[in-house]
Amino acid sequence: MEKKKLLPLFLPVVYIFLFVFLFSPQALCADIPEIRVLLSTTTDSQTSVSISAGSYTAVNLREEVLGQFVAGDQISIVYNGGKYALWLNGDLFSDDQTMITLLADHADCLFTFDGVKYRGNFKAISNGVYFYATNIVDLESYLYGVVGKEIGYNYSIEALKAQAIAARSYAIANLTHGSIYYDVTNTTSSQVYGGYDAEGDSVTQAVDETFGQVVYYNGKTVDAVFHSNSGGYTENVENVWGSSSVPLKGVSSPYDSYAADYSSYSASTYSWTVEYTAEELVDLANSFGNTDIGDFVSIQASKTYNGATSVSGRALSVVITGTKGSVTAVKDTQIRSLLQTKSSLIEISGGQQNGNSNSVAWLKDSSGKLTEAAPNSELYAIRGSGSVSLVNENSETFYVVGSSGIKEINKDGSSVSGDIIRIDGKGYGHGVGMSQWGAIGMAANGYSAEEIIMHYYGAGGTNGVTIHSLY
């Protein structure tokens, strides 16, 4: 009888517990994929970790338990001759193992590697040449360590939520379990990941409130790339990389200018200027092309390449020409590598004269028509002092007046030593997908995370991209 009296009181508690458990994000942890993050690559045959919180169980390749370790333990994993040895606090603990992994015994366990704390498991693996240290962690916990490192902590929660959706999408799209080593790195080559030490309350909120949400297209998670600042307009994906399987289209990004009023550093992501001498440009070209183009003749940038035209005004090709040859860079990655600039949204002034080895000058009449002037013609040019003289005098150079003022030019048409080539640019990064400063500016002006995502990835809802709850 007593049990019958207690049962009605007990059942509501059970039901409440089950409701909270079954319908909370944490209850779905079994459905959250794991991601393998590369923390370090080295030719050393040894790596070390320490247990910072909780306890860890060491297992070998056959998942046989080697031992359990607790907070304060210092663990070294040594690779030698295809076998692994595990050392605990300076003493040999286990030898002759084919693999060693440290498994967290519960969700609150932490290990420290290279001075940084991480959640999840630790695995060291070698291919006989390189030693890879990896963190294996559930995707949501991984995002706790990504969002703040990528976009910051002190902006509107809607901007952080947009970053969480983009970062989750990128991570899932890059799960490569065909690789035996890792899925992503912890650097800008994938997404910056700072582990437990990079977590924060605002980041945790942003990740939890977007639990499982991804950018989706045609039944698959979109590789939702992002960048710091688009400079006012993003770019079509096919104009930056070869693939356009996901129709990420260039869109206006006016809130990128929000960065200009935030701080001096953030302003430098929106607009900037670099200047090179002719010799410096030749050095850049020679290094990029592994060649020798001789003395500088010209630099030319084009917003079209191979039948395509940039929708944002980015350069799609840049050619630096010298007296012995030329070097060409196409699309964003190559152009930024060649010119060492923050983006390919650039305008070049100076150093664009067309060279002519026969010392032929060209005259332009009022209609714009060019007429060749022979070397022995009485052609006059303005000197730096303002006086005029024959181009054909003994001097190796002459002066011309252009939109930027008086310039000294070699008789072969190339710039003289010390001539400055100016590159005015906007934006920071490849320009595809979400502009982080654009997202910050949109959020500050009342836009939701969903609106931000659909603007940058969904082209305002016109390209078939949606936001989808994956788990």
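The analysis underlying the following values was restricted to heavy atoms, covering all of them including side chains, and did not include hydrogens, waters or symmetry mates.
Between G427 and K342, the shortest heavy-atom contact is O-CB, 3.6 Å. Shortest non-hydrogen contact noted between A162 and M434 is CB-SD, 4.1 Å. Nearest heavy atoms, Y456 versus S253: OH-OG, 2.6 Å. Residues V297 and T323 come closest through the heavy atom pair CG2-N, 3.7 Å. Across L86 and A58, no two heavy atoms sit closer than the pair CD1-CB, 3.9 Å. Annotation for F226 and A166: closest pair CD2-CB, 4.1 Å, computed over non-hydrogen atoms.
How far OG of S312 is from CD of E235: 3.5 Å, rounded to the nearest 0.5 Å. The line from CD of Q163 to CG of L143 is 9.5 Å long, rounded to the nearest 0.5 Å. For the atom pair CG of N218 and OG1 of T466, the computed distance is 10.5 Å after rounding to the nearest 0.5 Å. Within the model, atoms CZ of F288 and CG of L338 stand 5.5 Å from one another, a figure rounded to the nearest 0.5 Å. Distance check: L66 CG to T101 OG1 gives 9.5 Å after rounding to the nearest 0.5 Å. Interatomic distance, T221 OG1 to R168 CZ, rounded to the nearest 0.5 Å: 10.5 Å.
For the residue pair Q191 / Y142, a side-chain donor-acceptor distance below 3.5 Å is found, with atom types taken as modelled. Judged by distance alone, the side chains of T187 and S189 do bring a donor and an acceptor atom under 3.5 Å apart. Side-chain contact of Y155 with Q436: a donor-acceptor pair under 3.5 Å is absent, judged by distance alone. Side-chain contact annotation: S435 with N229, donor-acceptor N/O pair under 3.5 Å absent. Between the side chains of T291 and N286, no donor N or O sits under 3.5 Å from an acceptor N or O. Between the side chains of N121 and N135, no donor N or O sits under 3.5 Å from an acceptor N or O. Donor-acceptor pairing under 3.5 Å is recorded for the side chains of S266 and S263. For the residue pair S310 and N239, no side-chain donor N or O sits within less than 3.5 Å of a side-chain acceptor on the partner. Using modelled atom types, one finds no donor on one side chain facing an acceptor on the other under 3.5 Å when comparing S45 with N80.
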Can you list the steps and then say if V207 with E140 is a side chain to side chain contact (heavy atoms under 4.5 Å, CB included)? CA-CA 7 Å; V207 173; E140 298 299 305; 3.3 Å; yes
Could you go through the side chain to side chain contact (heavy atoms under 4.5 Å, CB included) check for L110 and R119 one step at a time? CA-CA 5 Å; L110 300 172; R119 297 177 183 269; 3.9 Å; yes
The test is ring-ring contact (aromatic ring centres under 6.0 Å, His included); show your working for Y457 and Y217 and say whether it passes. CA-CA 10 Å; Y457 298 106; Y217 175 74; over 10 Å; no
Stepwise side-chain hydrogen bond (donor to acceptor under 3.5 Å, both in side chains) check, T309 with T304: CA-CA 4 Å; T309 300; T304 62; 5.4 Å; no
Applying salt bridge (charged side-chain N to carboxylate O under 4.0 Å, His left out), run through K303 and E347 and close with a yes or a no. CA-CA 10 Å; K303 297 178 177 63; E347 294 291 342; 3.2 Å; yes
Checking D138 against S141 for the side-chain hydrogen bond (donor to acceptor under 3.5 Å, both in side chains) test, could you report, in this order, the C-alpha distance in whole Å, the side-chain angles of both residues, the deciding distance, and whether it holds? CA-CA 6 Å; D138 77 84; S141 295; 2.7 Å; yes
Start with the C-alpha distance between I421 and T277, add both sets of side-chain angles, then the distance that settles side chain to side chain contact (heavy atoms under 4.5 Å, CB included), and finish with yes or no. CA-CA 6 Å; I421 295 89; T277 65; 6.0 Å; no
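S169 places no side-chain N or O within donor-acceptor distance of the main-chain N or O of V214, the cut-off being under 3.5 Å. Listed for the H455 side chain is no donor-acceptor partner under 3.5 Å among the backbone atoms of G461. The backbone N or O of G250 sits less than 3.5 Å from a side-chain atom of N236, completing a donor-acceptor pair. A donor-acceptor contact shorter than 3.5 Å links the side chain of T462 to the backbone of A459. In terms of modelled atom types and a separation under 3.5 Å, the side chain of E150 and the main chain of V146 share no donor-acceptor contact. A donor-acceptor contact shorter than 3.5 Å is absent between the side chain of Q97 and the backbone of S94. No donor-acceptor pair under 3.5 Å is formed between the side chain of T112 and the backbone N or O of G115. Judged by distance alone, the side chain of Y216 and the main-chain N or O of G219 form a donor-acceptor pair under 3.5 Å. No donor-acceptor distance shorter than 3.5 angstrom exists from the side chain of D73 to the backbone of I51, with no hydrogens or angles considered. Using a distance-only test at 3.5 Å, with no hydrogens or angles considered, a donor-acceptor pair links the side chain of S268 to the main chain of Y265.
For the ring pair (Phe, Tyr, Trp, His ring centres under 6.0 Å) with Y118, the qualifying choice from Y193, Y144, F113 is Y193, the only one to do so. Put simply, the residue from Y132, F69, F111, Y56 that forms a ring pair (Phe, Tyr, Trp, His ring centres under 6.0 Å) with F122 is F111.
Residue-environment remark: NZ (K83) exceeds the threshold of 12 foreign heavy atoms within 6.0 Å. In this structure, N154 places its CG atom where only 12 or fewer heavy-atom neighbours from other residues, nucleotides or ligands lie under 6.0 Å away. Around CD of Q68, the count of heavy atoms belonging to other residues, nucleotides or ligands within 6.0 Å exceeds 12. For E63, the CD atom counts as loosely surrounded, since its 6.0 Å shell holds 12 or fewer non-hydrogen atoms of other residues, nucleotides or ligands.
When side chains are defined from C-beta on, M442 counts as touching I452, because their heavy atoms get closer than 4.5 Å. At a threshold of 4.5 Å between non-hydrogen side-chain atoms, the residues L102 and T57 do not count as touching. Between E34 and L139 the shortest side-chain heavy-atom distance does not fall below 4.5 Å. Residues F296 and D283 are not in side-chain contact: their nearest non-hydrogen atoms beyond the backbone lie 4.5 Å or more apart. Put simply, the side chain of T234 reaches to within 4.5 Å of the side chain of H227, judged on heavy atoms. Side-chain contact between V282 and I320 is absent, with no heavy atoms from C-beta onward closer than 4.5 Å. At least one side-chain heavy atom of Q46 sits less than 4.5 Å from a side-chain heavy atom of V78. Here the side chains of R314 and S230 are in contact, with some heavy-atom distance below 4.5 Å.
For the pair K117 and Y196, the NZ or CZ position fails the cation-pi test of under 6.0 Å to the six-membered ring centre and within 45 degrees of the ring normal.
K249 has a carboxylate O that lies under 4.0 Å from a charged side-chain N of E238, or vice versa, which qualifies the two as a salt bridge. At a threshold of 4.0 Å, the pair D292-K324 counts as salt-bridged, since one of the basic side-chain nitrogens sits closer than that to a carboxylate oxygen.
Proximity of the aromatic rings of Y262 and W437 is defined here by a centroid distance below 6.0 angstrom, and this criterion is met.
Between Y79 and F131, the two ring planes are tilted [angle within 30° to 60°].
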